[in-house]
Amino acid sequence: TITALGFILGGYSLAWLTLLVWSFPACLMMTMIALIMGYVQGFGFELRLLRFLGPIAVGFTLVAAVRLFRASVHNRLEWGIAMGSLFVCLGLTNSFTFPAVLLLGGLTSMIVDRKPLEKQEYGLGGIQWRYFVLYAAILLLAVVLGNVFRDRWILLFENLYRYGSLVFGGGHSLFPMMFEQFVEVKEYLSPAEFLSGLGLAQAIPGPVFSFAAFVGAGAFSESGFPSMLLGALVGSVAIFLPGTLLIFFIYPGWDDLKKNRGVRRSLAGVHAAAAGLIAASAVILLRPLGFQSLNLMVVGLSFMGMYVLHIPPILLVSMGIVAGVVWS
């Protein structure tokens, strides 16, 4: 949205500048957090002092799910898609499940939804296909090079670039994919590091995508600070680049494209599926922490604090850090 606003007001140059101004402070803060965390762990700092940040992050994710449910799920079809998405993602947790669920949600809505829509003419003349070609070429090149060389730098870029292409309903939908890939498969970060960073990412101002800078830096925590800084840069560029290229691709022709009945009906299903996906994210992220009563209580308190009492996330996270230190 930020990139699109810059594009509307000042073309490509202002779009890039707007994105940079919006994303840079948060990415810089998350990079510094990763560097500090890596430094203090070298002196025996125990992440169990941050043990409540994981459940707090789950509570924040639950808030995002509820808000998306309220905004996107309005009828029986959309409820069916959302609940189907929720149960499928809980039963089949891997990187292929999430994009498949979004696609199936859009197709289901497009086929089943027969509500009458006003007939409107549309065309595809304004769409900038060269940006889609560039987007696809970068993705294909990263996939090929990553599988050929198995280089950590290329794999980090490819994974985050691909995840940045699959965002519907907010960045919270990415977290289970990132956890599955960077913690369980590649083991770039420990569960405690990932969930602590995730809690902190949702407390700082700016886009939640800044978490990619933390992941990029953490992936090279054993290689020294210069590699961590470069990893944070690679992660930040990879997560924001696909959405920007797709904005340039589709926005010039969006006024015409959105008049298409199939597009309009499918978007409702995609957003409903995203709501279920983000609800599943909360459960998936809680699994490595365990469903003990203390964790569930912290999840509930953070949810109530943010959703009902409107306590700022940074205050909730600060309270969680203090509580973790006292508890430990």
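Hydrogens, waters and symmetry mates play no part in the numbers below; they use all other heavy atoms, side chains included.
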| When you look at Phe214 and Leu189, which way does the side chain to side chain contact (heavy atoms under 4.5 Å, CB included) test go after all the steps? | CA-CA 10 Å; Phe214 178 89; Leu189 297 95; 3.7 Å; yes
| request: Check the hydrophobic clustering (I, L, V, M, F, W, Y; side-chain heavy atoms under 4.5 Å; chains of links allowed) and say if Leu241 and Ile154 are grouped together. | output: no
| field | Heavy-atom pair of closest approach, residues Ser227 and Trp153 | value | O-CH2, 3.4 Å
| task | Measure the shortest side-chain to side-chain distance between Ile138 and Tyr161 over non-hydrogen atoms and say whether it is less than 4.5 angstrom. | result | yes
| task | Could you go through the ring pair (Phe, Tyr, Trp, His ring centres under 6.0 Å) check for Phe211 and Phe194 one step at a time? | result | CA-CA 9 Å; Phe211 183 56; Phe194 184 95; 5.0 Å; yes
For residues 199-209, please give each side-chain donor-acceptor pair under 3.5 Å, one per line with the distance, not counting sequence neighbours.
{"from": "Gln202", "atom 1": "OE1", "to": "His172", "atom 2": "NE2", "distance (Å)": "2.8"}
{"from": "Gln202", "atom 1": "NE2", "to": "Leu198", "atom 2": "O", "distance (Å)": "3.4"}

| note | Separation between CG (Leu285) and CE (Met178), nearest 0.5 Å, reads 10.5 Å
| said: Just to verify, what does Tyr12 make a ring-ring contact (aromatic ring centres under 6.0 Å, His included) with, not counting sequence neighbours? | reply: Phe7, Tyr131, Phe248
| message | Using modelled atom types and a 3.5 Å cut-off, is there a donor and acceptor pairing between side-chain atoms of Asn295 and backbone atoms of Phe291? | response | no
| Near Phe24 CZ, under 6.0 Å, is it more than 12 heavy atoms from other residues, nucleotides or ligands? | no
| 4.5 Å side-chain heavy-atom contact, Pro288 and Phe179 | yes
| Hey, does His74 have a side-chain heavy atom less than 4.5 Å from the side chain of Trp79? | no
| said: Would you say that Leu53 contacts Leu195 through its side chain, given a criterion of any heavy-atom pair below 4.5 Å between the two side chains? | reply: no
| field | Heavy-atom closest contact (Ala82 atom, Phe69 atom, distance) | value | CB-CE2, 3.7 Å
| message | Between Ser165 and Tyr135, do the side chains contain a donor N or O and an acceptor N or O under 3.5 Å apart? | response | yes
| message | How about CE on Met319, more than 12 heavy atoms from neighbouring residues, nucleotides or ligands closer than 6.0 Å, or not? | response | no
| query | Does the pair Val215 and Ile239 meet the rule for a side chain to side chain contact (heavy atoms under 4.5 Å, CB included), with working shown? | reply | CA-CA 11 Å; Val215 171; Ile239 203 73; over 6 Å; no
| field | Polar side-chain atom of Ser109 near backbone of Gly105 as donor-acceptor pair, under 3.5 Å | value | no
| request: Check the pair Leu156, Phe220 against side chain to side chain contact (heavy atoms under 4.5 Å, CB included), reporting the backbone distance first and the verdict last. | output: CA-CA 10 Å; Leu156 175 70; Phe220 296 92; 3.9 Å; yes
| Can you name the nearest heavy-atom pair linking Ala273 to Ser85, along with the distance? | O-OG, 2.7 Å
| request: Kindly indicate whether the side chain of Val299, heavy atoms from C-beta on, has any atom under 4.5 Å from the side chain of Leu286. | output: yes
| field | Within-4.5 Å side-chain heavy-atom neighbours: Ile56 and Leu301 | value | no
| Got a donor-acceptor contact below 3.5 angstrom from the Ser236 side chain to the Cys27 backbone? | no
| request: Apply side chain to side chain contact (heavy atoms under 4.5 Å, CB included) to the pair Phe182 and Glu187, showing each step before the final yes or no. | output: CA-CA 6 Å; Phe182 298 122; Glu187 298 182 344; over 6 Å; no
| note | So CG of Leu19 and CD1 of Ile2: to nearest 0.5 Å the spacing works out to 9.0 Å
| query | How far apart are the closest heavy atoms of Ala142 and Phe157, and which atoms are they? | reply | CB-CD2, 4.0 Å
| request: Report yes or no: do Leu296 and Val308 belong to one cluster of Ile/Leu/Val/Met/Phe/Trp/Tyr joined by side chain heavy-atom distances under 4.5 Å? | output: yes
| To the nearest 0.5 Å, what is the distance between OG1 (Thr31) and CG (Leu233)? | 8.5 Å
| Spacing of CG belonging to Leu102 relative to NE2 belonging to His271, to within rounding of 0.5 Å | 9.5 Å
| query | Does Val21 share a hydrophobic cluster with Leu5, counting links as ILVMFWY side-chain heavy atoms below 4.5 Å and allowing steps through other members? | reply | no
| said: Would you say that Leu316 contacts Phe60 through its side chain, given a criterion of any heavy-atom pair below 4.5 Å between the two side chains? | reply: yes
| query | Hey, quick one: are Ile111 and Leu104 part of the same hydrophobic cluster, counting side-chain heavy atoms closer than 4.5 Å, chains of contacts allowed? | reply | no
| field | Ile247-Phe132 co-clustered via ILVMFWY side chain contacts under 4.5 Å | value | yes
| field | Distance in Å, Ile250 CD1 paired with Leu245 CG, rounded so as to fall on 0.5 Å steps | value | 13.0 Å
| field | Closest heavy-atom pair and its distance - Pro313, Met306 | value | CG-CE, 3.9 Å
| task | Indicate yes or no: at least one non-hydrogen side-chain atom of Trp327 is less than 4.5 angstrom from one of Leu294. | result | yes
| field | Distance in Å, Met177 CE paired with Leu160 CG, rounded so as to fall on 0.5 Å steps | value | 10.5 Å
| Does Leu139 offer a backbone N or O that forms a donor-acceptor pair with the side chain of Arg162 under 3.5 Å? | no
| remark: In terms of heavy-atom contacts, Asn159 and Gln181 come closest through OD1-CG, 3.4 Å
